[in-house]
Undergrad: 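Got a structure for you, questions after.
When a ligand or atom number is given, it counts from 1 through the structure's own listing order.
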Amino acid sequence: MSEPRFAVFGHPIAHSLSPRIHAAFGKQLGVPLQYTAIDAPPETFAAQLDAFGKAGGSGANITLPHKQAVLALCAHVSDFARRAGAVNTLTRRLDGHWRGDNTDGAGLVRDIAQRHGLDLRERRGLLLGAGGAARAAAFALLDAGVAELTIVNRTPERADALADAIGEPDRVRTRYWDALGTLGNFELIVNATSAGHTRQSLRLPFALVAPRALCYDLSYGMTASAFLAWARAAKAGFAYDGLGMLIEQAAESFAIWHGRRPDTDVVYDEFRGELPLHASD
Ligand code: ATR
């Protein structure tokens, strides 16, 4: 019997680390698998996914720009993915239909709490951005016990829509980007904008950063470098990129598909060597 087939769908996808991460997990646990990257522009994504399933594909990761659109292609969606409004993991059921999960939120919390050993509970949090990545982060951080979350987005209506979807007005508020200098400081600042992808600078006030604050960018490598440089200049206690989150979300997907969770530390160390992080802790 041939190896079970998995893939990550996105556009662009050439630089995805997911095939290497899943290959490393499979090797570590002796799980045979094939995992490829499939470039899928929005116009043909649904047809490509359908063809992958019909050809025997067992599961898939979904990344930009399809995480929200893929919800409509799932026969069943987990509660967290439904709340986040985004799916990053598909599993083909026996009836041929897809089940959708979202492991991004669990990956984020696991990276912060377990790899970096930081307690999220009771932190006053600031979330920059209100797109697909921000939505999963917001629900996961609130589930993990952050005391309150202020959501600031360049387009304020999207921040309001996210706050409405969360529905916890006592813990979650939105503010205008122009007001960032007036909000006081935060013990947790999460950059969920895609500004780094286009090398745009966010121009954030240093006063946002509380002593010992954790600043976290959901992206990794060069894309995160401007935000992390800002965080270090503002004397944040901890400044991390999202490489650990990427590896932890992959491990959660792997566990859904194969029933076993790999040791992520060895894989993290391997990739960290290629993408150095000049952490300030
Ligand atoms: P993703 O799935 O990565 O979240 P997305 O849904 O396109 O992608 O969301 C991108 C996020 O980055 C949005 O919050 C976007 O703000 P808008 O809603 O105003 O578009 C934010 N973003 C992108 N470039 C930005 C910039 N230069 N400054 C501030 N926010 C930016």
Undergrad: State whether the shortest distance between N or O atoms of Gly129 and N or O atoms of ligand 1 falls below 3.5 angstrom.
TA: no
Undergrad: Which ligand 1 atoms does Ala130 reach within 4.0 Å, using its non-hydrogen atoms?
TA: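 Reading through ligand 1 atom by atom, the close ones are 14 (O).
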Undergrad: Tell me whether Arg272 is salt-bridged to Asp241, with the criterion being a basic N under 4.0 Å from an acidic carboxylate O.
TA: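 Asp241 and Arg272: salt-bridged.
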Undergrad: Which residue and non-hydrogen atom of the protein lie closest to atom 27 (N) of ligand 1, and at what distance in Å?
TA: Gln200 OE1, 3.3 Å
Undergrad: Quick one: which of Asp104, Asn61, Asn88, Asn102 gives a side chain to side chain donor-acceptor pair (under 3.5 Å) with Lys67?
TA: Asp104
Undergrad: Measure from the side-chain N and O atoms of Arg171 to the backbone N and O of Val146, and report whether any donor-acceptor pair falls under 3.5 Å.
TA: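 A pair under 3.5 Å: yes.
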Undergrad: Around atom 25 (C) of ligand 1, find the nearest protein heavy atom and jot down its residue, atom name and distance.
TA: Arg154 NH1, 3.3 Å
Undergrad: Do me a favour and list the nearest non-hydrogen protein atom to atom 9 (O) of ligand 1 with residue, atom name and distance?
TA: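 Nearest neighbour among protein heavy atoms for atom 9 (O) of ligand 1, to 0.1 Å: Gly131 CA, 3.5 Å.
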Undergrad: Identify the protein heavy atom lying closest to atom 15 (C) of ligand 1, giving its residue, its atom name and the separation to 0.1 Å.
TA: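 Ranked first by proximity to atom 15 (C) of ligand 1 is Asn153 OD1, 4.0 Å.
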Undergrad: Return yes if some donor-acceptor pair links the side-chain N/O of Arg5 with the main-chain N/O of Gln34 below 3.5 Å, else return no.
TA: no
Undergrad: How far is atom 29 (C) of ligand 1 from the closest protein heavy atom, and which atom is that?
TA: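 Its nearest protein heavy-atom neighbour is Leu202 CD2, 3.7 Å.
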Undergrad: Ignoring hydrogens, just give me the one of Leu127, Leu64, Thr63 whose non-hydrogen atom is nearest atom 8 (O) of ligand 1.
TA: Leu64
Undergrad: Give the residue and atom name of whichever protein heavy atom lies nearest to atom 10 (C) of ligand 1, and the separation in Å to one decimal.
TA: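 Here the nearest protein heavy atom works out to Ser194 OG, 3.4 Å.
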Undergrad: Got a salt bridge between Asp79 and Arg83, using NZ or NE/NH1/NH2 to carboxylate O under 4.0 Å?
TA: no
Undergrad: Can Glu252 and Arg261 be counted as an ion pair, charged N to O under 4.0 angstrom?
TA: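 Salt bridge: yes.
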Undergrad: Are Val109 and Leu214 linked, directly or through other ILVMFWY residues, by side chains that come within less than 4.5 angstrom of each other?
TA: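 Yes; tracing contacts between hydrophobic side chains, which count when under 4.5 Å, links both residues.
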Undergrad: Tell me: protein heavy atom nearest atom 7 (O) of ligand 1, and distance?
TA: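 For this ligand atom, the closest protein heavy atom is Arg158 NH1, 4.6 Å.
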Undergrad: Once you round to the nearest 0.5 Å, how far does OG1 of Thr264 lie from CD of Gln28?
TA: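 Result: 8.5 Å between the selected atoms.
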Undergrad: Would you say Ala133 and ligand 1 have an N/O pair spaced under 3.5 Å apart?
TA: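 Yes, since at least one N or O of Ala133 sits under 3.5 Å from an N or O of ligand 1.
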Undergrad: Please report which non-hydrogen protein atom sits nearest to atom 19 (O) of ligand 1, along with the residue it belongs to and the distance in Å to one decimal place.
TA: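 Among all protein heavy atoms, the one nearest atom 19 (O) of ligand 1 is Thr155 OG1, 2.5 Å.
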